Amino acid sequence: MRTPSSDAPLPQPTRSLARAAVPLRSLTADAPTADLQPLRRVLDGVRIVGLGEATHGTREFFQLKHRLLAFLVAELGYTALAMEASESAAPAVDAYVRHGVGSAAEAVAGLGFWTWRTREVLSMVTWMRTYNSGRPASEQVRFLGIDPQQCGPSLTALGALLPRLPDPSRAAALLTDLRVLDGAQPGSRPDPAQRLMRQAEELADLVRPYDTDSDADHHPVRHAARLVRAADLVTRPRQHTDPEQTLFAARDRYMADALEAELSDAPAAKIALWAHNGHIGTTRYGAAVRPLGSHLRDRHGDAYYALALLFGSGAFRARRTLPGPWQGRRARTRNARNSRTTGNSPDPKVPTHPLGPPAPGTVEAQLAAATPADHFLDLRTAPEPVRAWAAVPHPHRSFGALVPRWTYQLHHTPVVLTDTYDGLAYVATSTPSEPFARPTAKGQQTQDGIFSVRPGPSRTPRRPRTGR
């Protein structure tokens, strides 16, 4: 419902946007779900719901995604949450939510990314455990990681297998070289020959005869395959004459393939996907790279629904890049130089970035003009004036795990909404996500492996595109 200070008539398409908006009465998971009931019709026939986010550090986005997950699981029969998080570390989270193994804090911190070591994600994982408790395995919700980064758990598991191998010395030598995958960033060791990936493939061949573990998440071959994918990303270039050869394209392909593997293993599965807006969208970004959502649309058609989360004003957390743009080592963030921290205090090295009201002409400004409060907009069934508005380019905000030190407030990315998303959720105010205290005595890598999701430069609303 619109609550402006003036009762002056709204211009088109603002009037249509206001009429089409579905108010979100709460962002918390324990709230009544009456306001979410329209999603039953919207998501009829949908098997994968992409839950996006315009930043990796907004508390309200995480709260809303927790609420949507609870609704999807409890009322629409969704069976898994797939997260833009380490596929190597995620089985520990799944073991906690399904069997109560370990603690929620240890499992979430073990994912390795500062973006997810927050009270909001911890609350969601705790809810998943509470929901699963007492339910048979067939009715439990699973936790999946789909990102081939942060491979420490797989390295540890394969290290324990060495004594059983016919050539343990060769396997140990390979594993020693592959230890870099515990925290190496994608693109950090570009190598046209991809020697590191070849070593991971050789190790996978060595362990294949010992793939006898009954728990699929702990299969040696599955662990070795994770190292192959991670090594591929670490040795791929950021730029290439063929954009599909870049690490950005490969990463999104791998994440799509991880979802496909889950759907193949569980034909009745319905998945809520947690990732950045840049990943869940269905059109190429940077005019070249196919995101995760594009692969899902090609494979599943309208059974995939991409919901982008946007915000009005406030603040969010992200690491800062040094002034640039630069390539290579100079592009590292100042506060990530010493990213290995110790102790149990929250990571103080991820700063907060304030943002005022959205610039005129942006998607966020036009949504706020129509309905200032939190709301949802389904683009598939929107009235014609809304679809016509959404069918032309508009600038919108998109911030990854890294933002420029001074100029981030000017950065916008053009988007044709009807080509890229199926729905929008607008949150009026963004506040920074809240990190929780590290549960381990010794520090582990917390630098986010999730670099900026868009390889090209962002654009400002001063010179918006007039076409695609």
Side-chain angles (χ1 to χ4, degrees), residues 80 82-83 85-99 101-102 107 110-112 137-138 140 142-184 186 189 191-236 247 250-251 253-267 269 444-445 449:
M83 199 166 184
S86 167
E87 62 177 350
S88 180
V93 182
D94 191 52
Y96 170 76
V97 301
R98 290 203 290 162
H99 309 300
V101 176
L111 292 173
S138 61
Q140 292 182 346
R142 295 195 60 200
F143 183 96
L144 311 171
I146 60 173
D147 198 341
Q149 299 187 61
Q150 305 287 349
C151 293
S154 290
L155 291 164
T156 299
L158 292 171
L161 183 67
L162 289 179
R164 297 166 52 190
L165 299 178
D167 189 355
S169 60
R170 178 55 183 162
L174 292 169
L175 204 57
T176 297
D177 289 346
L178 293 169
R179 294 282 178 194
V180 68
L181 299 176
D182 189 5
R189 296 170 177 259
D191 174 15
Q194 292 197 294
R195 176 176 174 271
L196 198 65
M197 188 176 77
R198 306 307 169 206
Q199 290 176 303
E201 291 173 335
E202 182 180 350
L203 182 63
D205 289 339
L206 290 175
V207 304
R208 186 165 288 110
Y210 297 86
D211 193 22
T212 58
D213 197 310
S214 60
D215 186 342
D217 281 330
H218 297 92
H219 280 185
V221 168
R222 186 163 293 196
H223 282 298
R226 290 166 183 156
L227 298 189
V228 173
R229 291 189 285 270
D232 185 16
L233 294 189
V234 166
T235 54
R236 274 186 184 263
L247 66 92
R251 181 173 174 234
R253 282 197 303 271
Y254 281 138
M255 290 196 288
D257 290 345
L259 278 174
E260 289 304 310
E262 172 65 15
L263 293 171
S264 298
D265 291 344
Q444 60 187 141
Q445 180 97 4

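Just so it is clear, the structure is predicted and the values come from calculations on it, not from any experiment. Residue numbers run from 1 in the order of the sequence given.
The shortest distance between side-chain heavy atoms of Arg236 and Gln194 falls below 4.5 Å. You'll find the side chain of Pro148 stays beyond 4.5 Å of the side chain of Arg226, heavy atoms only.
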Show me the donor-acceptor pairs within less than 3.5 Å that the side chains of residues 173-180 make with the rest of the protein, sequence neighbours left out.
{"unit_1": "Thr176", "atom_1": "OG1", "unit_2": "Ala172", "atom_2": "O", "d": "2.9"}
{"unit_1": "Asp177", "atom_1": "OD2", "unit_2": "Gln199", "atom_2": "NE2", "d": "2.7"}

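With sequence neighbours excluded, the residues satisfying side chain to side chain contact (heavy atoms under 4.5 Å, CB included) with Ala95 are Val101. Residues meeting the side chain to side chain contact (heavy atoms under 4.5 Å, CB included) test with Glu201, sequence neighbours left out: Met197, Arg198, Val228. Residues meeting the side chain to side chain donor-acceptor pair (under 3.5 Å) test with Asp205, sequence neighbours left out: Arg208. Under the rule for a side chain to side chain contact (heavy atoms under 4.5 Å, CB included), the partners of Glu260 that lie at least two apart in sequence or sit in another chain are Leu263, Leu296, Arg299, His300. Scanning for side chain to side chain donor-acceptor pair (under 3.5 Å) contacts around Ser154 gives Ser88, His223, with sequence neighbours left out. In this structure, the side chain to side chain donor-acceptor pair (under 3.5 Å) partners of Arg253, at least two apart in sequence or on a different chain, are Glu244. Under the side chain to side chain donor-acceptor pair (under 3.5 Å) criterion, Arg170 pairs with Glu202, sequence neighbours left out. In terms of the side chain to side chain contact (heavy atoms under 4.5 Å, CB included) criterion, residue partners of Ala82 (sequence neighbours excluded) are, by chain and number, Leu144, Ile146, Leu259, Ile271, Leu273.
Put simply, the side chain of Ser86 never gets that close to the backbone of Leu111: no donor and acceptor are under 3.5 Å apart.
The distance from atom CG of Asp167 to atom CG of Leu162, rounded to the nearest 0.5 Å, is 10.5 Å. Atom CG of Leu233 and atom CG of Asp147 lie 7.5 Å apart (nearest 0.5 Å). Atom OH of residue Tyr254 and atom CG of residue Asp232 lie 3.5 Å apart, to the nearest 0.5 angstrom.
For the pairing with Leu196, the side-chain contact (heavy atoms from CB on, under 4.5 Å) check across Asp191, Leu227, Leu181 returns one residue only, Leu181.
Nearest heavy-atom pair, Ala171 versus Leu165, reported as atom, atom and distance to 0.1 Å: CB-CD1, 3.5 Å. Nearest heavy-atom pair, Ala107 versus Tyr96, reported as atom, atom and distance to 0.1 Å: CB-CB, 4.5 Å. Ala90 approaches Gly145 most closely through the heavy-atom pair CB-N, 3.1 Å. The two residues Pro186 and Gln149 make their nearest non-hydrogen contact at CD-OE1, 3.3 Å.
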